[in-house]
**Student:** 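Have a look at this one before I ask anything.
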Amino acid sequence: MARFIQDIKRTHSCGELATGDIGKEVVLFGWVNNRRDHGGAVFIDLRDRAGVTQVVFEEDVRPEVHDLAGQLRLEYCVGVRGKVVSRGGNVNPKLRTGEIEIHATELEIFNRSEPTPFQIEDRIDTAEEKRLQYRYLDLRRAPLQKTLMTRAKVNHVTRNYFTDAGFLELETPFMGKYTPGGARNFLVPSRLNPGKFYALAESPQLYKQLYMVAGFDRYFQIVRCFRDEDLRLDRQPEFTQIDVEMSFVEQSDVFDVIEGLVVRLWKELLGVELARPFRRMPFDESMARYGNDKPDLRFDMPHVVLTDLVKQHQGGGVPLLDEAVKAKGIVKAMRVPASAGLSRTEIDKLEEYVRGMGAKGLARAKVADGGEWTQSPFAKSITPELRKAINAATEAQAGDLLLFQFGKESVVHTVMANLRVHIAKRMGLIPEYGSGGKWNFLWVVDPPLFEYDEESGQWAAAHHAFTRPRDQDLPYLESDPGRVYCWRYDLVLNGFEIGGGSIRLHDPEVQARVFKAMGISAEDARSKFGFLLDALKMGAPPHGGIALGMDRLVMLLTGAESLRDVVAWPKTQKGTDLMTGAPGDVDAKQLRDLYVKSTYEPGK
RNA sequence: GGGGUGUUAGUUAAGUCGGUUAUAACGCCGGCCUGUCACGCCGGAGGCCAGGGGUUCGAGUCCCCUACACCCCGCCA
């Protein structure tokens with residue numbers, strides 16, 4: 001007797017049969033997506049990753065097969081043999097295969113299924129906690145199947161693109177030496193070297209630069225990276241980067257290559273033709289107008305920096321603003337057009353929202369017909385001159401609402417940046433995915449090389465210590481590090497940073513000066529980065545590169561709301577895996593073998 | 001480290017001012033049905049209301065603590 005799998009092989013997927021196949025005998029394998037038992041006839045929607053096909057078991061054709069079909073329940077895994085038949089007048093327009101059905105002559109139940117903890121439907125309304133606990137069931141759903149297929153295709157297109165362009169796909173170690181600065185590393189104890197630890201690579205940065213020194217002048221890798229930092233909607237502790245490095249290039253060469261990739265991805269995955277070149281914006285402008293270096297430019301509603309205006313007017317009669325600028329803080333405002341129609345209650349809610357981000361409050365002013373302010377803590381004391389100047393600077397019209405933040409620069413930027421997006425969402429300025437969508441790509445360029453770290457009182461690398469400063473700024477490296485700008489760039493899409501890179505420092509002399517400006521001694525630099533510093537001294541070519549966040553690309557390509565929806569097996573916000581229970585305990589012997597002892601005391 | 005939201009059948013939710021036996025839909029179990037496709041009809045089972053403590057004559061409901069999940073700040077060169 002012929003058996004499924006051994007003798008009866010699958011002939012088609014559940015997503016491909018159409019009227020052209022009518023009359024064929026076919027074999028489908030899959031899962032019971034739905035059943036409708038009418039007594040004399042049993043209808044089964046059979047599902048695999050390609051789609052769904054209706055199978056009919058009729059009592060008067062094969063009574064024993066019909067009886068077995070009566071036992072079928074949701075998610076049973078089965079094989080079916082039968083004939084493709086036209087549905088005649090019973091077409092189901094919602095199914096791709098809805099013009100045909102299979103009249104089954106044979107059925108095998110490969111495996112029954114207990115009732116699943118949640119139903120496998122396209123619509124996802126199950127708590128994420130439950131979905132993650134049974135991720136293998138969650139992944140049976142069509143939307144996640146589609147997402148992972150998109151992910152596979154992104155990998156495929158990327159490999160083809162770079163390989164065609166003469167790049168070599170080369171690997172780098174995951175287990176390396178800990179280097180300070182940057183993200184916190186996951187550590188791996190070394191059994192063979194008691195008391196020593198490997199660090200899991202937070203990026204292949206140093207190795208890819210060394211590939212350049214070695215002469216592999218065009219490198220790429222689709223690579224996992226590990227960072228032991230707190231998680232977010234768009235941050236997982238292990239994530240995938242499309243990592244690229246090139247020799248003998250300047251910034252625009254990197255942009256050309258990456259724009260080419262992105263254009264190809266959007267065309268092949270979405271059929272969308274993107275315009276090139278992508279827009280560019282200096283870092284300082286991005287901070288001033290949008291409060292961060294990853295502005296969502298699908299809508300405008302910019303911030304206006306009022307610090308200088310307030311200074312010119314000696315505080316303009318408003319003690320709070322005066323104090324803020326005297327304490328070296330900044331003052332920013334944002335004009336919310338009257339059309340937003342924010343009620344007083346809604347504005348009060350906004351105040352709660354910004355307090356959660358460290359704001360002390362949310363000063364506001366409603367602009368009246370003559371330009372006067374109402375509903376504002378400033379209304380009584382502000383001088384008409386400053387008020388008029390602010391109205392002019394923000395282009396405020398009657399009915400508009402002005403929102404203010406003042407004080408510590410970093411807080412003001414963060415609060416205003418989030419507020420801008422928050423209000424835009426409420427106003428419906430951000431189009432839904434798939435609604436003709438906007439793809440606002442942006443290169444944020446020319447950031448400062450250093451940022452001042454108030455805790456240590458030191459200038460620290462804003463990104464990493466191997467970024468090349470602008471030649472014209474080199475004279476200020478010692479005298480005024482804050483005005484040294486560099487060849488670093490971020491690629492931003494719709495408010496998400498999807499990539500970042502730089503032209504690297506290949507000149508050992510400048511490198512030494514950068515370390516010095518950062519307060520890192522030559523000995524220190526040697527012990528931490530000696531191998532790279534040596535390499536730079538041995539004919540290192542001018543080089544630069546970039547890394548794209550592959551997970552974020554897929555998230556944006558698919559319209560997913562969270563990185564967890566584009567990662568097959570994601571971690572929770574506390575870094576746990578609800579399915580396997582990782583991270584878990586290990587026994588004492590394992591720890592002894594590794595010369596590791598836990599100091600953790602529960603409850604402390 | 002900090003701020004916020006949430007946790008009620010297997011799942012998703014409702015549950016009023018603190019009041020009697022905690023509802024519904026889907027799923028599950030039993031029965032009927034040959035054209036359904038969110039099939040339909042009849043019947044049934046299923047709950048430590050996250051856990052602990054408190055207030056009260058009485059708590060799913062009010063208060064406190066804990067756990068877990070999510071969102072944000074810090075952090076993420």
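What you see is a predicted model; the values in this text were computed from it and never measured. Residue numbers start from 1 in every chain, and the chains themselves are labelled A, B, ... in the order their sequence lines are given, proteins ahead of strands.
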**Student:** Please state whether the rings of A/Phe466 and A/His464 are parallel, tilted or perpendicular, taking 30° and 60° as the class boundaries.
**Tutor:**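 A/Phe466 vs A/His464 ring planes: tilted.
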**Student:** Is A/Ala465 touching bases, backbone alone, or none of the nucleic acid, heavy atoms closer than 4.0 Å?
**Tutor:**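 Nothing, no heavy atom under 4.0 Å.
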**Student:** Between B/C17 and B/G53, how far apart are the two P atoms, rounded to whole Å?
**Tutor:** 28 Å
**Student:** What verdict does the salt bridge (Lys or Arg N to Asp or Glu O under 4.0 Å) test give for A/Asp565 and A/Arg131, after you've listed the backbone C-alpha separation in whole Å, the side-chain angles of each residue and the deciding distance to 0.1 Å?
**Tutor:** CA-CA 11 Å; A/Asp565 284 338; A/Arg131 294 170 51 203; 3.3 Å; yes
**Student:** Base, sugar-phosphate, or nothing for A/Thr576, non-hydrogen atoms under 4.0 angstrom?
**Tutor:** sugar-phosphate
**Student:** For a quick check, tell me whether the side chain of A/Arg564 and the base of B/C70 share a donor-acceptor pair closer than 3.5 Å.
**Tutor:** no
**Student:** Determine the interatomic distance between P on B/A50 and the same-named atom on B/U12; round to the nearest Å.
**Tutor:** 14 Å
**Student:** Does B/C17 count as syn, meaning its glycosidic angle lies within 90° of 0, or as anti?
**Tutor:** syn
**Student:** Checking contacts here: which listed nucleotide (B/C73, B/G35, B/C76) is nearest the side-chain heavy atoms of A/Ala183?
**Tutor:** B/C76
**Student:** Please state the C1' separation for the pair B/C26 and B/A69 - nearest whole angstrom.
**Tutor:** 24 Å
**Student:** For A/Glu346, what residues pass the side-chain contact (heavy atoms from CB on, under 4.5 Å) criterion, not counting sequence neighbours?
**Tutor:** A/Leu342, A/Ser343, A/Arg426
**Student:** Sort out the partner of B/G40 for me: Watson-Crick or G-U wobble, both distances under 3.5 Å, none otherwise.
**Tutor:** B/C32
**Student:** Please tell me which of the listed nucleotides, B/G35, B/C70, B/C68, lies nearest to the side chain of A/Arg87?
**Tutor:**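 Nearest nucleotide to the side chain: B/G35.
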**Student:** Which residue pairs pass the side chain to side chain donor-acceptor pair (under 3.5 Å) test when at least one of the two sits in residues 41-52 of chain A, sequence neighbours left out?
**Tutor:** A/Asn33-A/Arg47, A/Arg36-A/Asp45, A/Arg47-A/Glu75
**Student:** Among the nucleotides B/G1, B/A69, B/C70, which one has an atom lying closest to any side-chain atom of A/Asp230?
**Tutor:** B/G1
**Student:** Regarding A/Glu128, tell me which of base, sugar-phosphate or nothing describes its non-hydrogen contacts under 4.0 Å with the strands shown.
**Tutor:**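 It contacts sugar-phosphate atoms only.
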**Student:** Looking at B/C57, which nucleotide sits across from it as a Watson-Crick or G-U wobble partner, both distances under 3.5 angstrom, or is there none?
**Tutor:**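 When the pairing criteria are applied, B/G19 turns out to be the nucleotide that pairs with B/C57.
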**Student:** Indicate, with a heavy-atom threshold strictly under 4.0 Å, whether A/Glu114 touches base, sugar-phosphate, or nothing.
**Tutor:** nothing
**Student:** Taking a pair as Watson-Crick or G-U wobble with both distances under 3.5 Å, which nucleotide is matched to B/A69?
**Tutor:**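 Its partner is B/U5.
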**Student:** Under the salt bridge (Lys or Arg N to Asp or Glu O under 4.0 Å) rule, what pairs show up with a residue in residues 483-502 of chain A, not counting sequence neighbours?
**Tutor:** A/Arg488-A/Asp490
**Student:** Would you say a side-chain N or O of A/Asn418 is under 4.0 Å from OP1 or OP2 of B/C73?
**Tutor:**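 Checking A/Asn418 against B/C73: at least one side-chain N or O falls below 4.0 Å of OP1 or OP2.
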**Student:** Enumerate the residues from residues 130-139 of chain A whose closest heavy atom to RNA chain B is under 4.0 Å, giving them by residue number; use none for an empty result.
**Tutor:**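 The answer is A/Lys130.
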**Student:** Verify the stacking flag for A/Phe118 against B/U11: centroid separation must be under 5.5 angstrom and the ring planes must differ by under 30 degrees.
**Tutor:**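 No.
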**Student:** Considering residues at least two apart in sequence or located in another chain, which fulfil the side-chain contact (heavy atoms from CB on, under 4.5 Å) criterion with A/Met287?
**Tutor:**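 Testing A/Met287 for side-chain contact (heavy atoms from CB on, under 4.5 Å), a comparison that skips the adjacent residues, returns A/Phe283, A/His413.
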**Student:** Please measure how far the C1' atom in B/C32 lies from the corresponding atom in B/C39, and state the result in whole Å.
**Tutor:**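 Going atom to atom, C1' in each nucleotide, I get 14 Å.
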**Student:** With a 4.0 Å cut-off, would you call A/Glu229 and A/Arg184 a salt bridge?
**Tutor:**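 Counted as a salt bridge, because a side-chain N and a carboxylate O are separated by less than 4.0 Å.
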**Student:** Sticking with atom P, work out how far B/A38 lies from B/C33, rounded to a whole angstrom.
**Tutor:**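 Taking atom P in both B/A38 and B/C33, they lie 24 Å apart.
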**Student:** Determine the interatomic distance between P on B/G51 and the same-named atom on B/A9; round to the nearest Å.
**Tutor:**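 Taking atom P in both B/G51 and B/A9, they lie 10 Å apart.
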**Student:** Can you tell me, in whole Å, how much space there is between the C1' of B/U55 and that of B/C73?
**Tutor:**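 So the two C1' atoms sit 35 Å from each other.
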**Student:** Measure up the A/Tyr290 and A/His303 rings against each other and bin them: parallel (under 30°), tilted (30 to 60°), perpendicular (over 60°).
**Tutor:** tilted
**Student:** Kindly compute the distance separating CG (A/Asp296) from CE (A/Met301), expressed to the nearest 0.5 Å.
**Tutor:**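 If I round to the nearest 0.5 Å, the distance is 10.5 Å.
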**Student:** Could you tell me which residues satisfy salt bridge (Lys or Arg N to Asp or Glu O under 4.0 Å) with A/Arg526, sequence neighbours excluded, listed by chain and number?
**Tutor:**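 Here the qualifying residues are A/Asp534.
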**Student:** For a quick test of reading the model: is some side-chain N or O of A/Thr572 closer than 4.0 Å to OP1 or OP2 of B/A69?
**Tutor:**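 A/Thr572 to B/A69 OP1/OP2: side-chain N or O found under 4.0 Å.
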**Student:** Hey, does A/Asn90 reach any base, or is it just sugar-phosphate, or nothing, if we go heavy atoms under 4.0 Å?
**Tutor:**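 The residue A/Asn90 makes base contact.
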**Student:** Does the B/C76 base have a donor-acceptor partner in the side chain of A/Arg235 within less than 3.5 Å?
**Tutor:**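 Indeed, a donor on one side and an acceptor on the other fall under 3.5 Å apart.
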**Student:** What's A/Gln205 touching, base or sugar-phosphate or nothing? Going by heavy atoms closer than 4.0 Å.
**Tutor:**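 Answer is base: heavy atoms of A/Gln205 come under 4.0 Å of a base.
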**Student:** Considering only B/C70, B/G74, B/C37, which nucleotide approaches the side chain of A/Arg232 most closely?
**Tutor:** B/G74
**Student:** With sequence neighbours excluded, what pairs up with A/Phe43 under the ring-ring contact (aromatic ring centres under 6.0 Å, His included) test?
**Tutor:**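 So A/Phe43 forms a ring-ring contact (aromatic ring centres under 6.0 Å, His included) with A/His38.
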**Student:** Mapping A/Phe43 and A/Ser562 to their closest nucleotides on RNA chain B, which lands nearer the 5' end?
**Tutor:**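 Result: A/Phe43.
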**Student:** Would you say the side chain of A/Arg355 and the base of B/G4 hold a donor-acceptor pair, judged only by whether the two atoms sit under 3.5 Å apart?
**Tutor:** no
**Student:** How would you summarise protein contacts on nucleotides 27-34 of chain B per nucleotide, using B for base, S for sugar-phosphate only and - for none, with heavy-atom distances below 4.0 Å?
**Tutor:** SSSS--BB
**Student:** Tell me whether the OP1 or OP2 atom of B/C39 has a side-chain N or O from A/Arg36 closer than 4.0 Å.
**Tutor:**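 Affirmative; the distance criterion is met.
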**Student:** What is the distance, to the nearest angstrom, from the CD atom on A/Gln236 to the C1' atom on B/C71?
**Tutor:** 15 Å
**Student:** Once salt bridge (Lys or Arg N to Asp or Glu O under 4.0 Å) is applied, do any residues pair with A/Arg112, and if so which ones, sequence neighbours excluded?
**Tutor:**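 Salt bridge (Lys or Arg N to Asp or Glu O under 4.0 Å) list for A/Arg112, sorted by chain: empty.
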**Student:** Taking the nucleotide of RNA chain B with the closest heavy atom to each, which residue, A/Val91 or A/Lys571, is nearer the 5' end?
**Tutor:** A/Val91
**Student:** Say we look at B/C37 and B/G10: how far apart would their C1' atoms be, to the nearest angstrom?
**Tutor:**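 Comparing C1' positions in B/C37 and B/G10 gives a spacing of 25 Å.
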**Student:** Does A/Gln54 make a side-chain donor-acceptor contact with the base of B/U36, cut-off 3.5 Å?
**Tutor:** yes
